[in-house]
*Asks:* 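Just passing along the structure, written as structure tokens.
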Amino acid sequence: MARLAQTAGLTDIQREILSTVRDFVDKEIIPVATGLEHRDEYPQQIVDGLKELGLFGLMIPEEYGGLGESLLTYALCVEEIARGWMSVSGIINTHFIVAYMLKQHGTQEQKEYFLPRMAAGEVRGAFSMSEPALGSDVSAITSKAVKDGDDYVLNGQKMWLTNGGTSTLVAVLVKSDEGHPEGTAPHKSMTTFLVEKEPGFGEVRPGLTIPGKIDKMGYKGVDTTELIMDGLRIPANRVLGGTTGRGFYQMMDGVEVGRVNVAARGCGVAQRAFELGVSYAQQRHTFGKQIAQHQAIQFKLAEMATKVEAAHAMMVNAARKKDSGERNDLEAGMAKYLASEYCKEVVEGAFRIHGGYGFSKEYEIERLYREAPMLLIGEGTAEIQKMIIGRRLLEEYRLQG
């Protein structure tokens, strides 16, 4: 077991789960990840293995067929999986955000209908907030739902939908004016709809089109798409929680889980980059000795390892805070911000240690170097995290009188 990024206070079950996942990553993901990534190929065999391990039901309550584990357990599993290949962690992340939103906010009928099949990996989740013109400004969404009899008709275009093609259930955030008069604050007139669809691309149900995959610099293998709604008819019983106007709060609750996930991904990628860097430094020789024996390289390794430790500690703290039932937007924002920034820096450190070979596609660090930037913008940019952190700090340290 590696010395870095250990977590104190885990149960025997948690340790067993993590040991199983790490073994799976070492044997089934790391050996094939770079080849799959270079071909931008969906890792179906890896996903099937995750289903067999029960990871799609990791946080889903036992009464619905899941393992009923904590966010901390999930985050530590994500850390391990991202260490192998970050794209695989993305495949399960959106699934768990939707499962979490259903568990926390769904009606009893919605929970009973979706969660057992999500736990088995038969239904695969994705969620959609962003649109082409708005980025992090969620309040500016233009996609809209209009009541029509017992149904709602949805129109609009969504963007950056992870698992857009492979998912069969998408939680979609749109505006819904019904019951919310003109002048209502934007965040109080949004609703989350549970949209079922067929996997694949093109028209996946009447009124819903998933165009082909967006070609990305990194984060390949996992499908990232747009979602186009044109007269998409959804029954009222697929409003998450059964009441309109609560979508923004439901999505933000899910995003807090997502930010812990992104922090965990950053920790995993940084750990792998450190492993690659410290290993290569002991294999490469210059001036008659291992480059690891040069003080400049030792300083770099020291900085990288410290950043791995610090990011891991903050990620664990944010997960435990959420598990306690307390508000954790401050901790999640800090963890996401620090882990993604440190991940970029640790990956670059390993890249520099590799020298010219780091620029070659033959070496794994080249893939990590292209993957790390996604974490700087996923689930809210660094600037958004700092806004959240700053506002919460002012709440906590508000002057009295």
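These values consider heavy atoms only, across backbone and side chains, with no hydrogens, waters or symmetry-generated copies.
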*Asks:* Ignoring hydrogens and geometry, is there a side-chain-to-backbone donor-acceptor pair from Arg259 to Gly333 under 3.5 Å?
*Replies:* no
*Asks:* Is the backbone N or O of Lys220 less than 3.5 Å from a side-chain atom of Ser87, with the two atoms forming a donor-acceptor pair by type?
*Replies:* yes
*Asks:* Within the side chain of Gln298, is there an N or O that forms a donor-acceptor pair under 3.5 Å with the backbone of Ala292?
*Replies:* yes
*Asks:* Whether the His312 and Thr7 side chains hold a donor-acceptor pair (N or O, under 3.5 Å, no angle test) is what I'd like checked.
*Replies:* yes
*Asks:* Examine distances only and state if a side-chain atom of Gln385 and a backbone atom of Glu379 form a donor-acceptor pair shorter than 3.5 Å.
*Replies:* yes
*Asks:* So which of Phe351, Tyr357, Tyr369 actually passes ring pair (Phe, Tyr, Trp, His ring centres under 6.0 Å) with Tyr363?
*Replies:* Tyr357
*Asks:* What distance do Ile210 atom CD1 and Asn163 atom CG have between them, rounded to the nearest 0.5 Å?
*Replies:* 11.0 Å
*Asks:* For the CD atom of Glu196 and the OH atom of Tyr113, what is their distance to the nearest 0.5 Å?
*Replies:* 4.0 Å
*Asks:* Has the side chain of Lys216 got a donor or acceptor atom that lies under 3.5 Å from a matching backbone atom of Met374?
*Replies:* no
*Asks:* Is Gln295 atom CD crowded by more than 12 heavy atoms from other residues, nucleotides or ligands, each under 6.0 Å away?
*Replies:* no
*Asks:* So, are Glu364 and Arg367 salt-bridged, with charged N and O less than 4.0 Å apart?
*Replies:* yes
*Asks:* Would you indicate whether Glu203, at its atom CD, is surrounded by more than 12 heavy atoms from other residues, nucleotides or ligands within a distance under 6.0 Å?
*Replies:* yes
*Asks:* If you take all heavy atoms of Glu79 and Ala5, which pair is closest and at what distance?
*Replies:* OE2-CB, 4.3 Å
*Asks:* Salt bridge check, Asp151 against Arg238: does any charged N sit closer than 4.0 Å to a carboxylate O?
*Replies:* no
*Asks:* For a quick check under 3.5 Å, do Glu275 and Ser279 share a side-chain donor-acceptor pair by atom type?
*Replies:* no
*Asks:* Distance check, rounded to the nearest 0.5 Å: Tyr337 atom OH versus Lys386 atom NZ?
*Replies:* 4.0 Å
*Asks:* Does this structure show an ion pair linking Glu371 with Arg272, if we count only N-O contacts that are shorter than 4.0 Å?
*Replies:* no
*Asks:* Charged N to carboxylate O below 4.0 Å: is that the case for Glu326 and Lys321?
*Replies:* yes
*Asks:* May I ask you to test the Glu69-Ile13 pair for a side-chain heavy-atom distance under 4.5 Å?
*Replies:* yes
*Asks:* Under 4.5 Å between any side-chain heavy atoms of Ile141 and Lys175, yes or no?
*Replies:* yes
*Asks:* What is the distance from atom CG of Leu10 to atom CG of Leu72, rounded to the nearest 0.5 Å?
*Replies:* 6.0 Å
*Asks:* Kindly say whether Ile30 contributes a backbone atom to a donor-acceptor pair with the side chain of Arg83 at under 3.5 angstrom?
*Replies:* no
*Asks:* To the nearest 0.5 Å, how far apart are CD1 in Ile297 and CZ in Arg284?
*Replies:* 11.0 Å
*Asks:* Could you measure the distance from the NZ atom of Lys144 to the OG atom of Ser176? Nearest 0.5 Å is fine.
*Replies:* 9.5 Å
*Asks:* Around Gln290, counting heavy atoms of other residues, nucleotides and ligands shown, do more than 12 lie under 6.0 Å from its CD?
*Replies:* yes
*Asks:* Taking the basic N atoms (NZ, or NE/NH1/NH2) and the acidic carboxylate oxygens, is any pair closer than 4.0 Å for Arg22 and Glu80?
*Replies:* yes
*Asks:* With side chains defined as the heavy atoms from C-beta onward, is the minimum distance between Ile214 and Trp160 less than 4.5 Å?
*Replies:* yes
*Asks:* Could you tell me which non-hydrogen atom of Leu240 sits nearest to which non-hydrogen atom of Gly106, and how far apart they are?
*Replies:* CD1-CA, 3.8 Å
*Asks:* Over all heavy atoms of both residues, which pair between Asn93 and Tyr74 is shortest? Give the atoms and the distance, please.
*Replies:* CA-OH, 3.2 Å
*Asks:* Look at Asp12 together with Arg15 and state whether they make a salt bridge at an N to O cut-off of under 4.0 Å.
*Replies:* yes
*Asks:* Do Met229 and Lys158 have side chains that approach each other closer than 4.5 Å (heavy atoms only, starting at C-beta)?
*Replies:* yes
*Asks:* Is the closest basic N to carboxylate O distance between Lys300 and Glu303 below 4.0 Å?
*Replies:* no
*Asks:* Could you check whether any side-chain heavy atom of Thr162 comes within less than 4.5 Å of a side-chain heavy atom of Tyr219, counting everything from C-beta outward?
*Replies:* yes
*Asks:* Count the heavy atoms belonging to other residues, nucleotides or ligands that lie under 6.0 Å from CZ of Arg205, then report whether that count exceeds 12.
*Replies:* yes
*Asks:* Indicate yes or no: does Lys322 engage Glu331 in a salt bridge with an N to O separation below 4.0 Å.
*Replies:* no
*Asks:* Taking all atoms of both residues into account, what is the closest heavy-atom pair of Ala310 and Tyr342, and its distance?
*Replies:* CB-CE2, 4.0 Å
*Asks:* Taking all atoms of both residues into account, what is the closest heavy-atom pair of His95 and Phe56, and its distance?
*Replies:* NE2-O, 3.1 Å
*Asks:* If you count every heavy atom of other residues, nucleotides or ligands that lies below 6.0 Å from Lys213 atom NZ, does the total exceed 12?
*Replies:* yes
*Asks:* Given side chains that start at C-beta, do those of Ile91 and Ile46 come closer than 4.5 Å, heavy atoms only?
*Replies:* no
*Asks:* Between Gln110 and Val239 (side chain of the first, backbone of the second, donor and acceptor by atom type, cut-off under 3.5 Å), is there such a pair?
*Replies:* yes
*Asks:* Got a salt bridge between Arg352 and Glu348, using NZ or NE/NH1/NH2 to carboxylate O under 4.0 Å?
*Replies:* yes
*Asks:* Could you check whether atom CG of Asp230 has more than 12 heavy atoms from other residues, nucleotides or ligands sitting under 6.0 Å from it?
*Replies:* no
*Asks:* Tell me if the CD atom of Glu395 is crowded by more than 12 foreign heavy atoms within 6.0 Å.
*Replies:* yes
*Asks:* Can you check whether Pro199 reaches Thr166 side chain to side chain, under 4.5 Å on heavy atoms?
*Replies:* no
*Asks:* For Ala335 and Ala318, which heavy atoms make the closest approach, and how far apart are they?
*Replies:* CB-CB, 4.0 Å
*Asks:* Look at the side chain of Gln271 and the backbone N and O of Val308, then say whether any donor-acceptor pair between them is shorter than 3.5 Å.
*Replies:* no
*Asks:* Given side chains that start at C-beta, do those of Asn261 and Phe96 come closer than 4.5 Å, heavy atoms only?
*Replies:* no
*Asks:* Checking Glu341 side chain against Ala339 main chain: does a donor-acceptor pair fall under 3.5 Å?
*Replies:* no
*Asks:* Spell out, as yes or no, whether a donor-acceptor pair under 3.5 Å connects the side chain of Thr191 to the backbone of Gly245.
*Replies:* yes
